[in-house]
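Worksheet for the structure shown next.
Order of the sequence lines sets the chain letters (A, B, ...), proteins ahead of strands, with each chain counted from 1.
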Amino acid sequence: MTLTHLERVYFPQVGIVKAEVLQYYLEVAPYLIPHLRDRPLSLERYPEGVEGPSFYQKDAPTYFPDWLRVTSIAAAHRAKTVRHPLVDDSGGLLYLVNLGTLTLHTTLARIDDLDHPDILVLDIDPPAVLSGADAFRRSIEAARLLRDEMRAAGLDPLVKTSGKRGLHLGLPLDRRLTYAQVREVLGEILAAVIARAPDRLTREARKERRGDRVYLDALRMAPGATVVPPYVVRATDNAAVSMPVEWDELDTLEHAGAFTIRDALPRLERTGDLWASLAGAAGSGNRMEGDSQELDSE
DNA sequence: GCTGGAA
DNA sequence: TTCCAGCAACGCAGA
DNA sequence: TCTGCG
Ligand SMILES: [Mn+2]
Ligand SMILES: [Mn+2]
């Protein structure tokens, strides 16, 4: 495998070239790969750097090397299958990054049981009308409201920066519930927390109808939907990464892009993987209970 | 970033 | 042999 | 069915 275009400028605003992106992924691989392993991947590619054109790619073309694992998944309503790439070592990771991939996206279930997600991710998106720091403050407020509501239900979510503008909550699941069942439980939690702060939170998909409220995006809890795993690079001016943080650390952060490929590694050596409970093994002390009738009918 | 057909 | 146009996703919800 | 959205 040959790494190409190493001197191409990928992040002109901060002077980061492609070699540094490859270097970052190589070094973060021990932390990142447990979150990617056995999950069908989608690639978000910027072959000319972050200011150039971009596209998503989920189907592995014939020119991908034989040694890169792929998994065929039947597309929902079509008569064809998509061959998603899989990553289980740094070689596979670097091959995909060399294609110009900045962000790898994963499904919420692993290939051995695609109908039962082993992680729940709740996407917290601040309103577009607020800028940078203000948007992030509102995201923190929303995240804490969500956390409190979930804790009242016996669930203990973790939090990370998205790397763009908002936050992500994460929770390990024991793979007993289907996507529909997880969505139903999550829907009740969201309805409750929105009722508690209707001027601050919304599930309204239409941007114009959100106003200055924070969008709680639960639509990502669906088969075929993808989420941004921790430690991946985001397509931002400053080469930000999605970084797990402690709940009481949130107030010390200026914005969702507070961690970048330049400072992520020293931090990780200090903190370890704060989202380790969402990598690989399913389970934890959390027990998300579905409606008992649905559970019985499983 | 890679490929196939045109130049 | 070089050049370059075409290509690289898709599910969900609400209207 | 089409559009907005992520
Ligand atoms: Mn988001
Ligand atoms: Mn979102």
Worksheet entry | Distance in angstrom units between A:Arg206 CZ and C:dA15 C1', rounded | 7 Å
Practice prompt. Extract, from 5' to 3' on DNA chain B, the first and final nucleotides lying under 4.0 angstrom from some heavy atom of chain A.
Written response: B:dG1 to B:dT3
For nucleotides 6-9 of chain C, list the nitrogen or oxygen atoms of the protein found under 3.5 Å from its nitrogen or oxygen atoms, one pair per line.
from  : atom 1 : to      : atom 2 : distance (Å)
C:dA9 : OP1    : A:Lys58 : N      : 3.1
C:dA9 : OP1    : A:Asp59 : N      : 3.1

Worksheet item: Can you tell if the side chain of A:Leu201 reaches within under 4.5 Å of the side chain of A:Leu145, non-hydrogen atoms only?
Response: yes
Item to complete: Look only at the side chain of A:Thr103 and the backbone of A:Val233, and say whether a donor-acceptor pair between them is shorter than 3.5 Å.
Response: yes
Practice prompt. State which of D:dG6, C:dC12, C:dG14 makes the closest approach to the side chain of A:Ala222.
Written response: C:dC12
Item to complete: Give a yes/no answer on whether the side chain of A:Arg203 brings an N or O atom under 4.0 Å of OP1 or OP2 in C:dC12.
Response: no
Worksheet item: With a non-hydrogen cut-off below 4.0 angstrom, is A:Thr62 in contact with a base, only sugar-phosphate, or nothing?
Response: nothing
Practice prompt. Provide, to the nearest angstrom, the distance between the CD atom belonging to A:Glu44 and the P atom belonging to D:dG6.
Written response: 13 Å
Worksheet item: Distance check: side-chain N/O of A:Arg210 vs OP1/OP2 of D:dG6, anything under 4.0 Å?
Response: yes
Practice prompt. Provide, to the nearest angstrom, the distance between the CZ atom belonging to A:Arg183 and the C1' atom belonging to C:dC12.
Written response: 8 Å
Worksheet entry | Rounded interatomic separation in angstrom, taking CZ from A:Arg165 and P from D:dG6 | 11 Å
Worksheet, complete the sentence: Atom CZ of A:Arg209 and atom C1' of D:dG4 are separated, to the nearest Å, by 13 Å
Practice prompt. Return the value, rounded to whole Å, for the distance between atom CG of A:Leu216 and atom C1' of C:dA13.
Written response: 16 Å
Practice prompt. Grab the NE2-C1' distance between A:His84 and C:dG11 for me, whole Å please.
Written response: 12 Å
Worksheet item: Is the shortest side-chain N to carboxylate O distance from A:Asp88 to A:Arg69 below 4.0 Å?
Response: yes
Item to complete: Quick one: label A:Lys164 by what it contacts on the DNA or RNA (base, sugar-phosphate, nothing), any heavy atom closer than 4.0 Å.
Response: nothing
Worksheet entry | Between A:Glu44 and A:Tyr46, a side-chain donor and acceptor under 3.5 Å | yes
Discussion item. Quick test of your reading of the model: are A:Arg213 and A:Asp199 salt-bridged, counting only N-O distances below 4.0 Å?
Written reply: no
Worksheet item: With sequence neighbours excluded, what pairs up with A:Tyr56 under the ring-ring contact (aromatic ring centres under 6.0 Å, His included) test?
Response: A:His105
Worksheet item: Of the residues in residues 123-138 of chain A, which ones touch DNA chain C at a heavy-atom distance under 4.0 Å?
Response: none
Practice prompt. Decide, yes or no, whether a salt bridge links A:Asp118 with A:Arg110 under the criterion of side-chain N to carboxylate O below 4.0 Å.
Written response: yes
Item to complete: Kindly compute the distance separating CG (A:Leu41) from OG1 (A:Thr101), expressed to the nearest 0.5 Å.
Response: 9.5 Å
Discussion item. Say we look at B:dC2 and C:dA9: how far apart would their P atoms be, to the nearest angstrom?
Written reply: 16 Å
Worksheet item: For the residue pair A:Leu22 and A:Leu6, what are the closest heavy atoms and their distance?
Response: CD1-CD2, 3.5 Å
Worksheet item: Can A:Lys164 and A:Asp123 be counted as an ion pair, charged N to O under 4.0 angstrom?
Response: no
Discussion item. Donor-acceptor check, side chain of A:Arg138 to backbone of A:Asp212, threshold 3.5 angstrom: yes or no?
Written reply: yes
Worksheet entry | Atom-to-atom span, OH of A:Tyr215 to P of D:dC5 - whole angstrom | 10 Å
Discussion item. Salt bridge or not between A:Asp113 and A:Arg176? Use side-chain N to carboxylate O under 4.0 Å.
Written reply: no
Worksheet item: Given the rule in the ring-ring contact (aromatic ring centres under 6.0 Å, His included) test, do A:Tyr95 and A:Phe64 qualify, once you have shown the distances and angles that lead to the verdict?
Response: CA-CA 9 Å; A:Tyr95 177 81; A:Phe64 274 21; 5.4 Å; yes
Can you give me the N/O atom pairs linking the protein to nucleotides 1-3 of chain C at distances under 3.5 Å, or say none if there are none?
none

Worksheet item: If the C1' atom of B:dG4 is compared with that of C:dA8, how far apart are they to the nearest Å?
Response: 15 Å
Discussion item. Under 4.0 Å, counting only non-hydrogen atoms across every strand here, what does A:Ala205 touch: a base, just sugar-phosphate, or nothing?
Written reply: sugar-phosphate
Discussion item. Rounded to the nearest 0.5 Å, what separates atom OG1 in A:Thr107 from atom NZ in A:Lys58?
Written reply: 9.5 Å
Worksheet item: What residues, two or more places apart in sequence or in another chain, satisfy ring-ring contact (aromatic ring centres under 6.0 Å, His included) together with A:His35?
Response: A:Tyr231
